[in-house]
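For ligands, and for the atoms within them, numbers begin at 1 and follow the listed sequence. Quantities reported herein were computed from a predicted structural model and do not represent experimental measurements.
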Amino acid sequence: SKQNGRGTFSFYASTLNDKLLAYRGLVEDMRRGLATGEFYLEYQPRFDTRGRSIRSVEALVRWRHPERGRISPADFIPAAERSGLIMPLGEWVLRTACRSAAGWQDIGVSVNVSPVQFHNSDVVELVKRVIADTGFDARKLELEVTEGVLLEDAEKARNALRGLKALGVKLAMDDFGTGYSSLSSLRTFPFDVIKIDRQFINDMEDRDGGREVVQAILGLGKALGLSVTAEGVETVRQLTMLTADNCVEVQGYLLAHPMPAERISGLLRRDAAV
Ligand code: C2E
Ligand code: CA
Ligand code: CA
Ligand code: CA
């Protein structure tokens, strides 16, 4: 189940019996944190392998807990989903990302949308409202969804994705290759971008066909007319192979870690000056 999956409540629960209490504590703290501004965003650049310029940035949520310090999204997103807090949190993320990115000429921003948020609220209406409120150009907004979005109610998901496309928003399939139906979903849902899961990038340097798998995904993207982003690029060798294999967009610690909005502004100013 979700709360066992990623060691979610380890900060709060030392024994299994503490789990429910821990969950409640975490949810209470999140609720308070949302009201008092403990959440913030970092942005990780996505680079063009040819020009080495920043094409867009991915917004990643962070939580600075007053007593526990930084808590990873992997540790609080599942509880936010279970409790429904993902709705206000997700809206805050979208709004904040669009507001920041409105000041960044020429680059796009991508925002992760939880399957829970996707199925329990009107995502199309929300995005429309945020775009209207922030004046952000919808064509520069990309939403990253995982396959989980498509599994629950495929028809509803398809309609929502179409509605988002109609607004001009781009759609990325996140963590591509890790689920059960990635291949057929690419064909039957209106995606623009494939994000190759970092596990595949990590396997590229192994001798047992890791690179060939990535090449196959790149070929698939090309055949279907989709752009492909490689996630989790950590070594020069991976970058060299990806560039040789005509992967156009890369993201990972080798190139840049997630960083505060002000540093993105700084990087863009530096780029513009060159
Ligand atoms: P994700 O969407 O797959 O995001 C990429 C994660 O990989 C980020 O972790 C990022 O910091 C990390 N990463 C980037 N480059 C590298 C690399 O070269 N090597 C390695 N090992 N990792 C790298 P982060 O920020 O901890 O986020 C974890 C997950 O939490 C995200 O995975 C996403 O599923 C979720 N998440 C983060 N922010 C949001 C959000 O605003 N909304 C929702 N719904 N989920 C979010
Ligand atoms: Ca993502
Ligand atoms: Ca991912
Ligand atoms: Ca490896």
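Contacts of S114 with ligand 1, taken as heavy-atom pairs under 4.0 Å, involve both backbone and side chain. With a 4.0 Å cut-off on non-hydrogen atoms, V93 touches ligand 1 through its side chain and not its backbone. Proximity of Q117 to ligand 1, defined as any heavy-atom pair under 4.0 Å, is not found for any part of the residue. Only the side chain of E58 comes within 4.0 Å of ligand 1, counting heavy atoms alone; its backbone N, CA, C and O stay farther away. Using a 4.0 Å cut-off between heavy atoms, E231 contacts ligand 1 through its side chain alone, with no backbone atom that close.
Residue Q44 has at least one N or O atom closer than 3.5 Å to an N or O atom of ligand 1. Checking only distances, V61 does come within under 3.5 Å of ligand 1, N or O to N or O.
A side-chain donor from one of E58 and N112 sits under 3.5 Å from a side-chain acceptor of the other.
For S184, the side chain to side chain contact (heavy atoms under 4.5 Å, CB included) partners two or more places apart in sequence, or in a different chain, are S181.
Linking ILVMFWY residues whenever their side-chain heavy atoms come closer than 4.5 Å, directly or via other members, places W92 and I86 in the same cluster.
Contact between G90 and ligand 1 is absent, with no heavy atom of the residue lying under 4.0 Å from the ligand. For the pair R62 and ligand 1, a heavy-atom separation below 4.0 Å is found.
Of all protein atoms, those of element N, O or S that lie under 3.0 Å from the Ca ion (ligand 3) number 4.
Within the cation-pi definition used here (under 6.0 Å to the ring centroid, within 45° of the axis), R64 does not qualify as a partner of F39.
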